[in-house]
Colleague: 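Mind having a look at this structure? Questions to follow.
Counting convention: from 1, in listed order, for ligands and their atoms alike.
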Amino acid sequence: MPESDIRKGLVGVVADTTSVSKVMEETNSLTYRGYPVQDLAEQCSFEEVAYLLWHGDLPNAAQLADFRKEEAAARAISPALHQVIATFPRGAHPMDAIRTAVSFMGLEDPETADNSEAATWRKAMRLLAKIPTAIAAYHRAGKGEAPIAPDPSLGFAANFFHLCFGRVPAPEVVKAFDVSLTLYAEHGFNASTFTARTVTSTQADIHAAITAAIGALKGPLHGGANEAVMHMLKEIGTPERAGDWLQGRFDHRALVMGFGHRVYKHGDSRVPTMTRYAEKMAEVMGDRTWMEISRILAGEMLAQKNIYPNLDFPTGPAYYLMGFDIPMFTPIFVASRITGWAAHVVEQASDNRLIRPLSAYVGAAQRTVPAIAAR
Ligand code: COA
């Protein structure tokens with residue numbers, strides 16, 4: 001095969017069909033089950049969006065109430081998992097902690113070996129409910145604090161603050177967080193979703209698929225970018241330094257985190273919504289530094305490189321302003337994306353073909369094994 005036929009990074013390759021979401025290159029836009037993501041973010045709660053991704057349609061009031069009830073009832077994690085989390089090495093990255101915790105949930109789940117569609121949905125619900133509890137337990141263990149029990153009377157977003165900090169912030173902060181969860185929930189055949197589908201294609205279970213997907217999401221070219229963005233903003237420190245700092249990156253032909261996208265080359269439809277909510281967080285917290293630096297970087301990147309920000313660019317400072325430690329940012333992405341991953345796991349399993357691409361060999365020509373004395 002000529003090397004020019006190889007699609008490195010699978011660029012432009014359409015690997016399968018999906019009815020979960022549509023990523024539109026031409027308009028730089030995204031729909032979940034047909035609804036524009038920015039409209040869902042403004043008008044629906046994350047739970048409604050999770051229901052939509054899993055059931056194909058938005059819930060009515062009774063369906064939403066049942067969904068919320070089921071999710072709230074499954075939030076507690078086992079004493080054994082609490083114990084394991086308490087023994088994780090201090091300073092380990094929370095993404096490694098949640099990857100291990102999800103793998104452990106697979107050991108414990110009563111239906112791990114049942115890959116029927118009904119059992120997979122039940123397992124998906126347990127993962128959705130328990131992942132925030134595990135993330136928060138590790139976060140608190142790292143600070144020497146005891147875990148907090150989930151509060152079933154709180155919605156998904158408010159409960160996450162409760163689990164991490166023992167209090168729920170003002171409604172506009174909870175709304176901004178809820179919006180970020182909706183915007184992060186699903187995104188076509190991105191690297192972690194494709195990983196989940198690849199694992200599912202071997203007929204492995206959903207815990208195996210999600211554990212692998214979390215591994216894929218960790219990298220700074222994927223979900224890890226939201227953390228890298230905040231490290232970058234802190235390194236720059238003040239708006240006055242932003243221009244020189246960026247020039248330094250250009251001089252070294254280095255990446256600027258939170259910019260660029262494999263699919264969206266002319267802007268990402270999720271960014272204006274999240275930027276508005278990040279601006280709101282800056283206003284509520286009375287600290288405009290990060291959004292001011294962001295504004296300068298976005299303007300210069302567009303003017304000089306014609307590269308637009310992606311969703312990780314505004315979520316980084318938004319989460320920081322909400323009070324989350326930087327290593328928590330990508331685990332929050334996990335707490336949201338479990339919805340999209342699960343929808344893809346079920347979709348892959350429902351019409352499965354083992355995912356197994358080819359490679360073009362470029363190593364040594366075939367040769368004879370020499371005796372050890374002759375090597
Ligand atoms: N900073 C500086 N230059 C960038 C850039 C960035 N963030 N993103 C892309 N570019 C440049 C590339 O260097 C390349 O330039 P060249 O043609 O002179 O070599 C050009 O834009 C095309 O980019 P390419 O690397 O082909 O895009 P890709 O589709 O392979 O990669 C990303 C997409 C997301 C991996 C890439 O944009 C990136 O690394 N961004 C930073 C990490 C990030 O924010 N990830 C979150 C993704 S949602």
Colleague: If the test is side chain to side chain donor-acceptor pair (under 3.5 Å), which one of Asn310, Thr315, Thr330 qualifies with Asn226?
Modeller: Thr330

Colleague: Under the side-chain contact (heavy atoms from CB on, under 4.5 Å) test, which residues partner Met24, sequence neighbours left out?
Modeller: Lys22, Glu26, Thr27, Ser29, Thr31

Colleague: Decide whether Trp341 and Ser192 meet the rule of one side-chain donor and one side-chain acceptor closer than 3.5 Å.
Modeller: yes

Colleague: Excluding sequence neighbours, so at least two apart, what forms side-chain contact (heavy atoms from CB on, under 4.5 Å) with Ala191?
Modeller: His222

Colleague: Enumerate the protein residues lying less than 4.0 Å from ligand 1, judged by heavy-atom distances, in chain and residue-number order.
Modeller: Pro220, Leu221, His222, Ala225, Arg253, Ala254, Leu255, Val256, Met257, Gly258, Phe259, Gly260, His261, Arg262, Lys265, Met301, Ile307, Asn310, Asp312

Colleague: I would like to know whether Arg99 and Asp96 meet salt bridge (charged side-chain N to carboxylate O under 4.0 Å, His left out); could you show each step before the answer?
Modeller: CA-CA 5 Å; Arg99 187 199 62 230; Asp96 297 334; 3.0 Å; yes

Colleague: Apart from Leu10 itself, what residues make up its hydrophobic cluster when side-chain heavy atoms of I, L, V, M, F, W and Y under 4.5 Å apart count as a link, directly or indirectly?
Modeller: Val13, Phe189, Phe194, Ile355

